[in-house]
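Here the structure is laid out as structure tokens; the discussion comes afterwards.
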Amino acid sequence: MKQILDYFMIDGEVGGNQDWFRNVVMHIGGCAAATACDCCIYFAKYKGKKNLYPFDAENLSKEDYIQFSMKMKPYLRPRMSGVNKLWMYTEGFGKYLEDIGEKVEFKEFSGEHAAREAAVFIKKKINEGTPVPYLMLRHKDKKFADFVWHWFLCIGYEETADDLLIKVATYGEATTFSLKELWNTGYKEKGGLIGITVHRNL
């Protein structure tokens, strides 16, 4: 079984890119805001939720994305320890959505769960056509160094005999990882996943 979401490109890159941010704190610590921005663009472009993105979702540009990130910044502001709790993300992103009059439900899925449970969670949301924000804190495997203390989006998966390969988007690129390897960080302090459910307007 394989399921990859239709995603979007901005100036030749996969989704948005935190490296574009000119604001110093956003450039360093704007990953949570970037994933929220990408979710809003995705829902505006593919789910008819045009009000989530204040620009034209059919004509995406780097400049509009940078401006949008600054609108998101107060809600998911970078801080000393980062947006390092799932509730910080759902609270901040939820406030942005509330302020624009949108009803969205979040389900926080702690990194304390087993990898097989995370696989079920990810598959369910991707099958519903929804990207999954993923928070990873520390990891003992150095090949994941670029993803330490970082929010990114899971945008697809492929099942194998004993694992789930997940496709993730961050820094304007798509990468595929073994969920089993990524999930089992080797540290007690865990991140987790966010399930998003967007409600149809009445």
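Every value quoted in this text rests on a predicted model; they were computed, and no experiment measured them.
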*Go through the steps to decide whether Val198 and Lys49 satisfy the test side-chain contact (heavy atoms from CB on, under 4.5 Å), and finish with yes or no.*
CA-CA 9 Å; Val198 178; Lys49 294 288 187 177; 3.1 Å; yes

*Under the side-chain contact (heavy atoms from CB on, under 4.5 Å) rule, what do Val148 and Leu137 come out as? Steps first, then yes or no, please.*
CA-CA 5 Å; Val148 165; Leu137 298 176; over 6 Å; no

*Determine, stepwise, if the pair Lys124 / Glu128 fulfils salt bridge (Lys or Arg N to Asp or Glu O under 4.0 Å).*
CA-CA 6 Å; Lys124 180 177 185 295; Glu128 290 173 3; 2.7 Å; yes

_Using side-chain contact (heavy atoms from CB on, under 4.5 Å), reason through Gln18 and Met26 one step at a time and then give a plain yes or no._
CA-CA 7 Å; Gln18 180 183 341; Met26 285 290 281; over 6 Å; no

*side-chain contact (heavy atoms from CB on, under 4.5 Å) evaluation trace for Phe109 with Ile122*: CA-CA 10 Å; Phe109 184 91; Ile122 288 170; over 6 Å; no

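Counting only heavy atoms from C-beta outward, the side chains of Val104 and Phe93 never approach each other to under 4.5 Å. The shortest distance between side-chain heavy atoms of Ile196 and Phe106 falls below 4.5 Å. Counting only heavy atoms from C-beta outward, the side chains of Cys154 and Pro131 never approach each other to under 4.5 Å.
Between Phe21 and Tyr65, the ring-plane angle classifies as parallel under the 30° and 60° cut-offs. The aromatic rings of Tyr42 and Tyr46 sit tilted, their planes meeting at an angle between 30° and 60°. Between Phe144 and Phe177, the ring planes are perpendicular. Angles over 60° get that label, and only those under 30° would be called parallel. Using the six-membered ring where Trp is involved, Phe152 and Tyr134 have ring planes that are parallel, under 30° apart on the 30 and 60° scheme.
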Which pairs would a plain distance check flag for residues 1-11, meaning a side-chain donor or acceptor within less than 3.5 Å of a matching protein atom at least two apart in sequence or in another chain?
unit_1 : atom_1 : unit_2 : atom_2 : d
Tyr7   : OH     : Asp38  : OD2    : 3.3

Kindly list each side-chain donor-acceptor pair under 3.5 angstrom involving residues 79-87, sequence neighbours excluded, with atom names and distances?
unit_1 : atom_1 : unit_2 : atom_2 : d
Arg79  : NE     : Arg77  : O      : 3.2
Arg79  : NH2    : Arg77  : O      : 3.4

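Through direct or relayed side-chain contacts under 4.5 Å between Ile, Leu, Val, Met, Phe, Trp and Tyr, Val24 connects to Ile28.
Going from atom OG of Ser110 over to atom CG of Leu193 covers 9.0 Å, rounded to the nearest 0.5 Å. Expressed to the nearest 0.5 Å, how far OG1 of Thr130 lies from CG of Leu153 amounts to 11.0 Å. Atom-to-atom distance recorded for Thr185:OG1 and Met136:CE is 8.0 Å, nearest 0.5 angstrom. Lys95 contributes atom NZ, which lies 10.0 Å from atom CD of Glu91 (distance to the nearest 0.5 angstrom). Leu60 CG to Glu13 CD: the interatomic distance, rounded to the nearest 0.5 Å, is 13.0 Å. Atom OG of Ser69 is separated from atom CG of Leu76 by 11.5 Å, given to the nearest 0.5 angstrom.
Closest heavy-atom contact between Trp183 and His113: NE1-O, 2.7 Å. Pro54 and Tyr96 get closest at one heavy-atom pair: CD-OH, 4.2 Å. In plain terms, the two heavy atoms of Ile194 and Val132 that are nearest each other are O-CG1, 3.5 Å. Between Gly129 and Lys47, the shortest heavy-atom distance links the atoms O-CE, 3.2 Å. In plain terms, the two heavy atoms of Val14 and Ala169 that are nearest each other are CG1-CB, 4.2 Å. In this structure, Cys37 and Met72 approach most closely via the heavy-atom pair SG-CB, 3.8 Å.
Checked against ring-ring contact (aromatic ring centres under 6.0 Å, His included), Tyr187 has no partners two or more places apart in sequence or in another chain. Tyr53 meets the ring-ring contact (aromatic ring centres under 6.0 Å, His included) test with Phe55, Phe68; sequence neighbours excluded. With sequence neighbours excluded, no residue satisfies ring-ring contact (aromatic ring centres under 6.0 Å, His included) with His27. For Tyr157, the ring-ring contact (aromatic ring centres under 6.0 Å, His included) test picks out no residue, with sequence neighbours left out. Applying the side-chain hydrogen bond (donor to acceptor under 3.5 Å, both in side chains) test to Lys123 and every residue at least two apart in sequence or in another chain returns Glu159.
Residues Phe147 and Leu165 fall into different hydrophobic clusters, defined by Ile, Leu, Val, Met, Phe, Trp and Tyr side chains chained together at heavy-atom separations under 4.5 Å.
For the salt bridge (charged side-chain N to carboxylate O under 4.0 Å, His left out) condition, the pairs that include at least one residue of residues 178-194, sequence neighbours left out, are Lys143-Glu181. Applying the side chain to side chain donor-acceptor pair (under 3.5 Å) test to every pair with at least one member in residues 163-179, sequence neighbours left out, gives these pairs: His150-Thr170, Asp163-Ser178. Applying the salt bridge (charged side-chain N to carboxylate O under 4.0 Å, His left out) definition to pairs two or more places apart or across chains, none involves residues 111-120. For residues 53-75, the pairs satisfying salt bridge (charged side-chain N to carboxylate O under 4.0 Å, His left out) are Arg22-Glu63, Lys45-Glu58, Lys50-Glu58, with sequence neighbours left out.
Side chain to side chain, Lys125 and Thr197 meet the donor-acceptor criterion of an N or O pair below 3.5 Å.
Side chain of His139 to backbone of Leu182: a donor-acceptor contact under 3.5 angstrom is found.
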